[in-house]
Amino acid sequence: MNIHAQQTPASVEEYLKAQESKGMLRFITCGSVDDGKSTLIGRLLWDSKMLFEDQLATLAAESKRVGTQGGNIDYALLLDGLQAEREQGITIDVAYRFFATDKRKFIVADTPGHEQYTRNMVTGASTADVAIILVDARKGILTQTQRHSFLVSLLGIRKVVLAVNKMDLMDYSETVFEDIRSSYEAFANQLGFDEIMAIPLSALEGDNIIANSENTPWYSGPALIDYLETVQIDQDLDAKPFRMPVQWVNRPNLDFRGFSGTIASGRVKVGDGIVVPASGKTSTVKRIVTFDGDLEEAFAGQAVTLVLEDEIDISRGDMLAGLQDRPACADQFEAKLVWMSEEDLLPGRNYILKLGTSTTTGRVSSLKYKVNVNTLEHVASKTLALNEIGICNFALDKPIAFDPYADNRQTGSFILIDRFSNATVAAGVIDFPLRRADNIHWQSVDIDKATRSEQKSQKASVLWFTGLSGSGKSTIANMVEKKLHALGKHTYLLDGDNVRHGLNKDLGFTDADRVENIRRVGETAKLFVDAGLISLVSFISPFRSERQMARGLLEEGEFIEVFVDTPLEVCEERDIKGLYAKARAGEIKNFTGIDSAYERPENAEIIIDGATTSVEQAADNIIAYLKENRFI
Amino acid sequence: MTHNRLTHLRQLEAESIHIFREVAAEFEKPVMLYSIGKDSSVLLHLARKAFYPSPIPFPLLHVDTTWKFREMIEFRDQLVKDYDLDLLVHINPDGVEQGIGPFTHGSALHTDVMKTEGLKQALNQYRFDAAFGGARRDEEASRAKERIFSFRTENHRWDPKNQRPELWNVFNARVKKGESIRAFPLSNWTELDIWQYIYLENIPIVPLYFAKERPVVNRDGMLIMVDDERMPLEAGETPEMKSVRFRTLGCYPLTGAVESTASTLPEIIQEMLVARTSERQGRLIDKDQSGSMEKKKQEGYF
């Protein structure tokens with residue numbers, strides 16, 4: 001059929017001429033191995049003559065060796081490039097495949113379908129114009145079909161092919177096909193697709209792939225290739241507002257200063273006014289420079305160099321935009337985030353955010369909810385794990401220019417990079433900007449511990465210093481507070497001096513009073529944590545149960561027990577306040593270490609050897625702990 | 001994402017230029033690996049386009065194995081002159097000292113020492129943090145999954161299981177000291193795209209790609225060209241003059257010719273359209289075992 005036409009051109013020159021008007025389409029195939037995805041792609045490559053004899057020979061040999069089709073050609077082997085995957089019989093990454101017909105060149109993103117490979121599918125979908133969602137005619141719409149559909153819709157794909165495969169195993173039944181089609185359409189209603197093209201297929205038998213099959217006389221729509229060759233994509237990209245992220249300042253000599261970049265959307269002509277949204281500076285396009293000569297006008301998708309009439313400050317990361325329909329420029333926005341790292345998202349933690357050519361630092365200021373990718377339900381969550389999707393508010397260190405992803409896939413998408421490992425940990429699509437005013441309004445109705453902490457760039461917590469009298473805990477706590485203060489952190493120190501003389505001056509040293517003392521200190525610390533402070537509590541607090549009670553008042557991870565472990569002999573020798581002498585003389589009763597027990601902590605977060613560690617060193621160790629665990 | 005207005009070749013071209021500019025802007029010390037082949041010719045052409053009117057803002061590096069076709073070296077040196085290029089040539093001195101060659105040591109060891117080791121030496125010596133290569137995803141199965149920005153450890157190793165996700169046209173260019181990336185601007189091109197683009201843009205390529213009478217011997221089913229006197233002839237072996245051309249170029253003892261009369265680009269493209277074998281078939285190093293390219297790549301081969 002027409003797919004083979006390119007092999008018999010009337011003349012090569014004619015053929016080459018025809019090639020110069022050929023377009024391109026990128027699509028993604030979603031489905032599991034069982035749905036026949038690899039067979040479908042293998043067949044497309046085969047039918048478009050993209051497989052060569054030596055590749056087929058290798059394929060035949062490999063099929064015999066490790067194939068899953070009983071010695072017959074196993075197309076999956078062709079696609080599963082990495083040796084480890086081949087041996088495990090599963091596809092675990094994104095592979096890109098290429099084939100062409102007379103009308104278009106196709107780039108296929110082939111991604112695995114299981115839930116644990118959500119990130120791979122999202123990666124493949126990010127550059128695709130169309131998604132082929134495979135369904136096994138015997139099984140119909142499955143949970144995974146819904147998940148795949150949600151993900152491609154999330155990534156902004158508006159046209160999908162519902163490929164109902166293995167029709168040969170269902171006797172090419174129209175009823176089966178129609179049932180699957182209607183139940184899919186009912187579900188996909190909420191996903192905002194512009195077009196759903198359902199096609200009955202057999203990838204194995206070749207039905208409705210290249211040409212309409214005699215086995216489905218009741219089907220009057222296009223064959224798969226026909227559809228892929230003609231589907232309209234991004235037809236309005238040129239009509240959208242002009243956007244060009246600046247990649248590189250082109251400055252070969254003092255007489256030339258150009259801004260190189262790829263036009264993300266819209267068009268630009270010589271004489272057009274442009275604006276740099278971040279600075280608000282404007283100028284006019286003087287030249288559109290390319291290696292092949294200057295252009296009068298350039299369009300979305302072209303890589304060009306713009307020369308402006310005026311010397312205005314522009315550098316890599318700036319966006320150039322038309323004077324009308326300017327992009328948003330803000331330091332806060334709401335976005336959907338796909339988490340791609342084994343290490344969970346930490347709201348409040350700074351990540352490198354790369355959007356277009358601009359790089360900035362940003363953090364999730366609030367995680368509103370995560371989405372169950374199978375049911376689309378909203379679930380409250382404090383974090384996102386690998387492959388989870390959340391709706392978040394973002395706060396950046398500086399305003400950047402962007403558009404909502406629904407308006408522009410290029411200028412509305414970003415990745416997050418871990419500052420320490422440099423791993424790409426998430427992909428984001430922007431919903432809308434949050435203006436400062438909006439955000440203040442939002443804060444005024446919902447200010448909580450997290451927002452207070454965030455404002456102080458710290459995680460509220462309690463450092464609970466415990467140890468014998470004279471162990472050095474108050475001295476160390478003092479030093480820690482000084483260091484935190486120097487780092488710009490917000491703190492409060494609670495110790496015997498400022499509590500016993502005020503809040504707790506009605507309490508004595510009976511067992512009941514001791515418990516009440518700790519309870520009040522614990523409650524006070526809790527209030528300070530709620531205020532977003534790092535509070536330091538320095539009390540002997542000799543009993544495990546008391547310390548446990550204080551720990552229980554706080555949320556998990558907020559209570560940091562610091563055990564200043566100084567031997568009794570050392571404390572007694574120091575005896576700064578002369579208390580040990582008095583206790584030994586019997587002048588003080590129930591003195592910890594002498595006639596009252598000190599129960600050593602069993603699971604203190606931090607242990608300081610008070611006999612050998614200097615105050616300075618001890619404080620540094622504690623600061624290091626706070627940094628390591630991202631409290632500060 | 002694709003664009004209706006631009007043809008597939010213009011879209012591929014724009015994507016490659018975008019990649020070139022990203023690397024040049026984000027890395028401190030990039031280099032372009034230049035192998036003299038047709039893909040390198042296209043790569044060089046695209047680099048010139050990407051930065052025009054500025055000169056290419058990084059050097060080219062040729063890792064010479066001393067066994068390249070003589071015409072390749074002539075072509076390279078002429079091009080450097082014509083385009084005023086900054087070309088670095090590196091030859092592994094250890095390999096030269098030990099007299100490593102494909103005839104005496106076999107293709108695997110020769111490639112490993114002169115190419116893979118040589119490349120690592122050069123990258124270490126100049127402390128490049130990014131290296132452009134002309135690899136395409138349609139060449140070989142493991143390449144189909146490689147990223148456009150492909151991360152390499154301090155030891156130049158590729159970990160296929162631990163690749164950074166790569167979305168839209170946003171690239172993660174962060175590396176620590178000693179680590180690097182290999183950048184592949186031609187990732188989404190096919191062999192046919194390359195030829196069509198060479199034709200469309202009239203890009204100079206090594207004459208070995210065009211058919212001509214050349215002295216060859218048939219070895220293990222491959223037509224090997226007798227390019228110089230270092231090639232030992234086996235008993236009863238006499239070079240024959242045949243009209244041949246090369247679909248891929250490398251070390252002459254490891255590169256098989258195909259019998260052909262195609263002496264113009266349209267003729268080559270016509271041959272391609274009816275071809276039944278892939279271009280890598282002419283390369284000995286892929287044939288050893290399945291997954292051989294993946295192994296080589298993990299070890300630092302391009």
Side-chain angles (χ1 to χ4, degrees), chain A residues 6-7 12-13 16 19-26 52-55 58 62 81-84 93-98 105 107 119 123 126-127 129 233-235 237-238 247-248 250-252 256 260 262 289 291 299-303 316 340 354 356 409-410 413-415 417 422-424 427, chain B residues 1-11 13-14 17-18 21-22 24-25 48-55 137-138 141-145 160-161 163-170 172 174-176 187-188 190 192-193 196 199-200 266-267 269-270 273-278 281 290-291 294:
Chain A
Q6 67 169 3
Q7 273 89 54
V12 173
E13 278 83 1
L16 288 168
Q19 289 295 302
E20 287 172 28
S21 57
K22 192 152 145 178
M24 189 152 95
L25 180 82
R26 296 176 198 243
F52 295 110
E53 271 173 3
D54 55 319
Q55 289 174 326
T58 309
E62 294 274 303
L82 302 180
Q83 202 168 28
D93 208 297
V94 192
Y96 294 91
R97 294 284 155 193
F98 308 88
K105 171 191 168 109
I107 301 181
R119 64 173 158 178
T123 301
S126 71
T127 50
D129 307 294
I233 41 162
D234 268 351
Q235 52 266 58
L237 202 60
D238 288 344
Q247 280 188 285
W248 192 70
N250 196 333
R251 195 145 207 207
F256 187 96
S260 299
T262 307
V289 176
F291 181 85
F299 304 92
Q302 285 183 294
R316 173 175 167 84
M340 299 186 153
K354 197 169 177 199
R409 288 172 80 182
Q410 300 268 348
S413 54
F414 62 89
I415 59 169
I417 301 169
N422 288 335
T424 303
Chain B
M1 279 150 278
T2 51
H3 306 280
N4 273 335
R5 188 178 290 269
L6 298 176
T7 65
H8 79 291
L9 288 177
R10 292 300 170 210
Q11 289 185 49
E13 177 188 68
I17 289 174
H18 184 84
R21 289 169 172 173
E22 280 301 286
R48 295 174 71 215
K49 284 196 170 196
F51 304 105
Y52 177 87
S54 291
R137 285 170 173 159
D138 79 324
S142 72
R143 283 191 166 154
K145 301 198 172 186
K161 295 273 197 172
Q163 299 195 81
R164 293 172 174 176
E166 201 164 74
L167 298 102
W168 302 288
N169 61 357
V170 185
N172 179 348
R174 313 265 312 175
V175 292
K176 291 177 188 158
S187 288
N188 289 327
T190 61
L192 188 56
D193 296 328
Q196 285 178 5
Y199 175 75
L200 184 70
E267 282 169 5
I269 292 169
Q270 184 155 37
L273 294 176
V274 293
R276 299 302 303 151
T277 54
S278 70
Q281 202 215 8
S290 66
E294 185 181 341

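Atoms considered below: every heavy atom in the structure, side chains included; atoms not considered: hydrogens, waters and symmetry mates.
With a threshold of 4.5 angstrom between heavy atoms, A/Thr123 approaches chain B through its backbone and through its side chain. A/Phe256 touches chain B through its side chain: at least one heavy atom from C-beta onward sits under 4.5 Å away, while N, CA, C and O do not. In this structure, chain A has a heavy atom under 4.5 Å from the side chain of B/Tyr199, while its backbone stays farther away.
Of the listed residues (B/Ala24, B/Ala50, B/Pro53), the greatest number of heavy-atom pairs within a distance under 4.5 Å of chain A belongs to B/Pro53. Note on B/Val170, B/Leu200, B/Leu9: by heavy-atom pairs under 4.5 Å with chain A, the leading option is B/Val170. For chain A, the option among B/Arg164, B/Glu267, B/Arg10, B/Arg21 with the highest count of heavy-atom pairs below 4.5 Å is B/Arg21. Of all the listed residues (A/Ala423, A/Ser413, A/Gly356, A/Ser21), the one sharing the greatest number of non-hydrogen pairs under 4.5 Å with chain B is A/Ser413. Your options are B/Ala14, B/Pro165, B/Pro55, and the one with the most heavy-atom pairs under 4.5 Å with chain A is B/Pro165. Note: B/Asn188 leads B/Asn188, B/Val175, B/Ile17 in heavy-atom pairs under 4.5 Å with chain A.
Minimum heavy-atom separation, A/Gly301 to A/Thr262: O-CG2, 3.9 Å. The minimum heavy-atom distance between B/His8 and A/Gly23, with the atom names listed, is CB-O, 3.4 Å. Between A/Ala300 and B/Leu6, the shortest heavy-atom contact is O-CD1, 4.2 Å. Residues A/Phe414 and B/Trp168 share a closest heavy-atom pair of O-CZ3, 3.5 Å.
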Exercise for review: Using the side-chain contact (heavy atoms from CB on, under 4.5 Å) rule, take B/Thr7 and B/Gln196 through it: C-alpha gap first, then chi angles, then the decisive distance, then the call.
Suggested key: CA-CA 12 Å; B/Thr7 65; B/Gln196 285 178 5; over 6 Å; no
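Expressed to the nearest 0.5 Å, how far CD of A/Gln410 lies from OG1 of A/Thr127 amounts to 10.0 Å. A/Arg26 contributes atom CZ, which lies 8.5 Å from atom OH of A/Tyr96 (distance to the nearest 0.5 angstrom).
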